[in-house]
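Structure record follows, encoded as structure tokens.
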Amino acid sequence: MLENYFLILLGTVFVNNIVLVKILGLCPFMGVSKKLEASLAMGAATAFVLTIGSGTSYLINQYLLGSELFYLRTLSFIVVIAGVVQFTEMVIEKTSPVLHQVLGIYLPLITTNCAVLGIPLLNVQAKHGFAESLLFGFGGAVGFSLVLVLFASIRERLEGADVPGPFRGAAIGFVTAGLMSLAFMGFAGLVR
Amino acid sequence: MMAMASPYLSEQTSVSMIMRKVLLALVPGIAAYVWVYGSGILVSLLLASVTALVSEAVMLKLRGRPLRPFLLDGSALVTAWLLALALPPIAPWWLVVVGTLFAIVVAKQLYGGLGYNPFNPAMVGYAVLLISFPVAMTQWPAPLELAQAKLSLLDQLRYIFGRVLPSGLTVDAISSATPLDTLKTQLKLHHGMADIMAAPMFGTLGTKGGEIVAGAYLLGGVYLLWQRIITWHVPVAFLGMLALLASGCHLIDADRYAGPLFHLFSGAAMLCAFFIATDPVSGPTTPKGKLIFGAGIGILTWVIRTWGGYPDGVAFAVLLMNICVPLIDAYTQPRVFGHEK
Amino acid sequence: MIEKLFKFHGGVHPPEHKAESAATPIRPVPMPARLVLPLRQHIGNVAKVKVAVGDHVLKGQQLAAPEGMISAAVHAPTSGTVVAIDEQLIPHVSGLPDLCITLQADGEDRWIEREPLDYEDMEKTAVIEALRQAGVVGLGGATFPTHVKLRADPRHPVKTLILNGAECEPFITCDDRLMRERADEIIRGLQIMAYLLDAECCLVGIEDNKPEAAQAMRTACARSAVPVEVVLVPTLYPGGGAKQLIKVLTGWEVPSGKLPSEIGVQCFNVATAYAVHRFIDHGEPVISRIVTVTGKVARPGNFEVPLGMAIETLVQAAGGAAPDIDGFIMGGPMMGFKLPSPRVPVVKATNCIIAASPDLFPPQPLPMPCIRCARCADVCPANLQPQELYWFAKSQNFEKARDYHLFDCIECGCCSYVCPSHIPLVQYYRYAKSEIIALDRAKQAANLARERNQLRLARIEREKQERQARHAQKAMGAKTDTAADEAKKAIIAAAIERAKAQKAAVTPQNTDHLPPEAQAEIARIEARRSQAMEQQKE
Amino acid sequence: MVSALLVMVGLGLVLGALLGYASIKFRVEGDPLVDKIDAILPQTQCGQCGYPGCRPYAAAIAKGEADINQCPPGGEAGVRALADLLGVEPKPLNTAHGVPKPKSVAVIDENLCIGCTLCIQACPVDAILGAAKQMHTVIASECTGCELCVAPCPVDCITMVPIPETVSNWKWRYPVFEIKAVS
């Protein structure tokens with residue numbers, strides 16, 4: 001049982017990393033990775049939303065929708081996620097206005113972050129229980145935050161690099177993300 | 001003209017001198033390689049070198065940078081040699097060319113060339129080839145003393161450029177899975193370690209033939225340490241961590257986990273320890289950071305070798321740790337004079 | 001007794017080149033006919049001119065007085081006439097001119113009244129003030145006013161007094177020769193300094209490549225009453241940096257941004273101790289110093305040079321420079337700078353003049369990109385990460401550079417010395433430092449401007465309210481005065497009174513609270529204005 | 001159908017209640033961001049940005065009404081700092097608002113000044129000294145170089161003089177090399 005949980009966590013963080021292997025959530029991955037501090041905050045915000053979102057989505061799916069109202073799944077998940085994101089945004093605006101400004105449009109955009117919707121849907125698909133769903137959401141978020149922070153630290157360094165003109169900015173960002181993805185291929189086969 | 005401002009003195013050293021010494025340190029390894037696997041590797045080295053220099057020149061030209069200093073610095077040759085040495089010695093010519101091109105063009109020049117690449121170019125090239133052409137990448141020739149048929153240089157050339165074998169020979173006759181690969185497959189089939197190791201391809205330390213090459217790399221590494229081109233931190237941390245994990249698990253269950261010496265002397269462990277992981281550009285700069293970096297590669301190499309989907313994890317381990325380098329550097333800053341830690 | 005020496009991180013061993021100039025004794029030079037004395041020969045405020053063009057002055061007479069605490073006086077190195085007070089090229093790395101006094105020697109070399117100072121019978125503060133008037137500054141090259149460092153501070157009593165005779169830079173031998181030839185005088189200066197500071201322990205640190213100097217100093221110590229220990233320290237550049245020498249001798253690190261005195265240590269150059277002795281025991285202010293002239297000159301050696309002498313004249317005294325030289329370096333090859341012209345004068349900071357030629361200092365190859373080999377980090381005496389600082393300075397990421405302790409860099413040049421990519425690292429740090437300093441100044445100015453702008457806006461707002469209140473009062477006055485109106489009126493009047501009082505209290509008197517410079521400027525302007533008024537009246 | 005409606009309405013109500021509570025609990029008062037932006041602006045108070053001073057411009061940026069590239073005295077470095085703070089891409093200065101000039105101070109020609117006080121009223125930082133019918137003069141250390149006093153002067157006696165480079169304000173240059181690679 002415990003081993004299973006551990007494997008879910010390990011699998012979502014490294015082997016099936018949501019950004020580098022599943023290629024979900026690229027919008028904030030590219031958007032909020034220019035500054036290390038901002039990426040840390042974005043990671044934390046996403047982790048919060050993802051974990052709560054996965055848990056509530058599971059509850060809604062299990063107890064509210066059941067098997068007959070399955071067609072409301074995507075709709076209700078989005079509603080819940082939007083609510084949680086709004087809540088998070090208010091908290092951040094209150095506690096750290098500069099951070100709120102830095103995260104800017106990407107904060108409300110967590111709502112439409114495909115990773116955030118993707119994980120609850122994958123949960124349903126994989127028939128995860130409540131604890132597993134929470135763990136899957138949390139693991140996915142940790143994986144997201146991890147690569148976001150690592151990516152941001154590399155991009156900070158690249159700022160001083162003599163990158164050829166046409167590749168400056170987002171282009172070299174995507175090349176880097178690709179090479180990171182390549183490195184994460186090394187985890188393939190570790191879990192399942 | 002005198003330098004604009006002090007200091008006006010400087011030590012007699014240069015980037016190209018460092019690179020030349022690295023190339024020199026690779027020579028014993030190459031010699032051992034030729035002795036064990038035949039001279040096919042020389043063709044790969046040549047191919048890789050030419051591809052590297054040509055692609056570097058083209059990219060420099062496109063980027064409007066001066067050719068001379070950057071072609072003469074020798075860094076492209078180091079990348080080419082390291083990649084060629086990591087590939088199977090009878091790899092088809094296009095494999096070498098594609099790998100080198102990717103290493104130089106994407107992993108190095110797109111980031112601004114010498115000094116700017118966050119990833120080890122040779123390992124990027126290697127990983128791309130391994131993922132894209134897994135079959136060609138795992139056709140490793142048996143050491144000459146074990147081979148059923150010995151190929152002359154001409155035969156090897158024919159095979160490299162035309163995939164043509166002397167009549168009567170099949171691919172299986174000249175190549176086989178690597179020992180690390182065999183170990184993994186056999187363990188999956190629930191064979192015991194002792195039985196597997198009894199196969200002729202396994203040597204006294206690591207793998208037959210491979211251990212000699214690894215020893216030669218070790219020799220080259222010692223030369224680099226002596227010349228102060230590299231510091232001890234990364235090799236010691238990497239090899240130490242690899243040996244520690246291997247012996248720990250070997251002690252717990254000798255039947256399922258290979259011993260430390262096997263891990264150290266098989267695959268690309270030695271090459272990585274002294275030549276790849278010590279690449280200054282893509283590695284950390286602080287002493288503590290180097291230890292973390294080396295230990296991380298050791299852990300990842302062992303994990304991927306033991307549980308992962310690829311037989312040797314060195315390339316991925318290096319790339320994964322490359323990703324962490326800026327963060328490692330940022331959090332391992334040494335105490336500055338006159339500051340409290 | 002020092003039992004154990006400590007190590008500082010890093011350091012390099014550049015070729016020493018000291019033998020050329022260390023062999024011969026210190027030689028005098030003929031007094032030049034014309035001397036140029038910059039008013040900025042020290043760190044701190046520029047000295048204030050006390051003479052006028054045409055004045056005749058005596059040798060040792062004060063030409064410019066110290067302005068404020070951190071400042072130093074300038075004296076006449078010989079008797080003669082002040083012929084100009086104007087901007088001239090000075091030995092400064094910027095190559096910009098600065099205010100100088102030009103003295104035409106009369107050839108008589110007549111001294112002022114010289115009297116030894118009976119310092120033990122005086123108040124210590126009076127001795128300090130006398131030193132301030134004597135223009136004594138750190139003669140190792142930093143030129144920080146010495147009297148500031150000799151003030152005993154009850155908060156930070158100085159226990160250990162260190163004389164710096166390490167002289168770690170290649171080529172320079174002026175301290176070496178001074179210690180060999182005038183060890184007794186140096187020890188005498190040290191004795192005075194130890195008395196002023198109440199120091200318990202006196203150390204002299206000398207690099208072990210100067211055994212003769214160490215021997216001479218030991219002999220002098222034996223002759224003197226003060227307990228001084230002469231310590232040989234390993235030859236390792238930059239072991240002569242004050243912070244490095246303190247670390248090697250005591251194991252203590254001067255905290256970043258603090259002064260050595262805050263950990264109970266004070267460190268002086270041997271030449272400074274000699275200057276203190278000359279003033280206290282002979283009444284002679286700082287008007288000359290020992291200068292090493294070396295490099296491509298015919299007879300390298302050390303010279304006792306009057307301040308203000310042109311470098312080219314000094315080089316002539318050393319037999320003249322070789323024809324293939326491409327400039328003169330002031331200071332050592334590691335931290336010195338190329339002089340803007342051979343005609344600039346010798347100043348208090350001039351410890352060494354090197355006639356430089358391409359074969360002595362080969363031109364640097366074109367810089368390659370940094371390969372992050374971290375050799376610079378290995379040799380950095382401040383244990384910084386030069387490669388990171390370079391990266392930040394290059395991409396003008398100054399905040400990050402500051403976070404990585406750029407200001408702990410002592411600009412010793414070790415990093416550039418070992419860099420295989422031949423990157424002029426120190427230049428990048430100097431650039432980043434001066435940019436940061438300029439940005440900080442701009443920030444301060446911006447804060448001041450913001451404050452003044454806000455004050456002004458507040459004043460305008462108050463004036464508006466006041467006007468409105470006045471209008472309201474007028475409107476009130478037009479109405480019949482009932483009791484209620486009376487009451488209201490009283491309230492309004494009271495409000496107006498309050499507002500007036502407030503205004504009187506807070507109206508920004510924009511001449512108040514100005515810094516002294518601005519006050520002075522206003523005074524000057526007022527003077528000019530009244531002059532103009534007079535003219536108009538006439 | 002009914003159950004579906006009920007589910008969605010219920011969800012909406014619950015979330016609405018939650019957000020409503022949060023909006024009261026985490027109400028934000030004032031705008032601390034304006035201070036941070038204002039701290040970056042050079043405080044020349046020149047109005048070249050189109051706002052009556054640095055703080056109004058900062059408020060406009062915070063509200064998203066003004067762009068970050070309208071401040072010539074702040075220069076490219078100022079734009080970069082603002083971009084950094086706000087997490088947006090830096091952009092070149094909008095030359096419609098003027099171009100950066102070397103830092104200058106206003107100097108009044110005292111022989112021409114008629115003492116009209118117009119410049120005193122224009123000065124945003126009270127850096128001009130004088131009274132009616134008396135000659136005015138600029139306190140150089142307080143002058144931000146905004147040029148606002150130049151236009152109002154009826155006798156054109158105010159000139160902007162660039163601050164000269166001296167030994168004390170000299171700066172080390174960015175290292176450049178003889179052969180520079182073409183980019």
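Keep in mind that this is a model prediction, so the values were computed, not measured.
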request  = Give the intermediate values and the outcome of side-chain contact (heavy atoms from CB on, under 4.5 Å) for residues A/F184 and B/I323.
outcome  = CA-CA 10 Å; A/F184 266 69; B/I323 297 177; 4.0 Å; yes
request  = For B/R63 and A/D162, run side-chain contact (heavy atoms from CB on, under 4.5 Å): C-alpha distance rounded to whole Å, both residues' side-chain angles, the deciding distance at 0.1 Å, then the answer.
outcome  = CA-CA 10 Å; B/R63 292 175 52 221; A/D162 184 22; 3.0 Å; yes
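For B/Y116 against A/L158, the heavy-atom pair with the smallest separation is O-CD2, 4.3 Å. Of all the heavy atoms in B/P326 and A/R157, the pair that sits closest is CA-NH2, 4.1 Å. A/L150 approaches B/C324 most closely through the heavy-atom pair CD2-CA, 3.9 Å. Residues B/Y111 and A/A161 share a closest heavy-atom pair of O-CB, 3.7 Å.
With a 4.5 Å cut-off on non-hydrogen atoms, B/F119 touches chain A through its side chain but not through its backbone. The parts of B/L327 that come within reach of chain A are both its backbone and its side chain, each placing non-hydrogen atoms under 4.5 angstrom from that chain. For B/L62, no part lies near chain A; criterion is any non-hydrogen pair under 4.5 Å. Contacts of B/V318 with chain A are absent, with no heavy-atom separation under 4.5 Å from either backbone or side chain. Residue B/N117: no heavy atom, backbone or side chain, is found under 4.5 Å from chain A.
You'll find the side chain of A/F187 stays beyond 4.5 Å of the side chain of B/V303, heavy atoms only. The side-chain heavy atoms of A/V163 and B/L110, taken from C-beta on, include no pair separated by under 4.5 Å.
If you take CD1 on B/I131 and CG on A/L182, they are separated by 4.5 Å, rounding to the nearest 0.5 Å. Once rounded to the nearest 0.5 Å, the distance linking OG of A/S153 with CD1 of B/I328 reads 9.5 Å.
Counting non-hydrogen atoms of other residues, nucleotides and ligands closer than 6.0 Å to OH of A/Y71 gives a total above 12.
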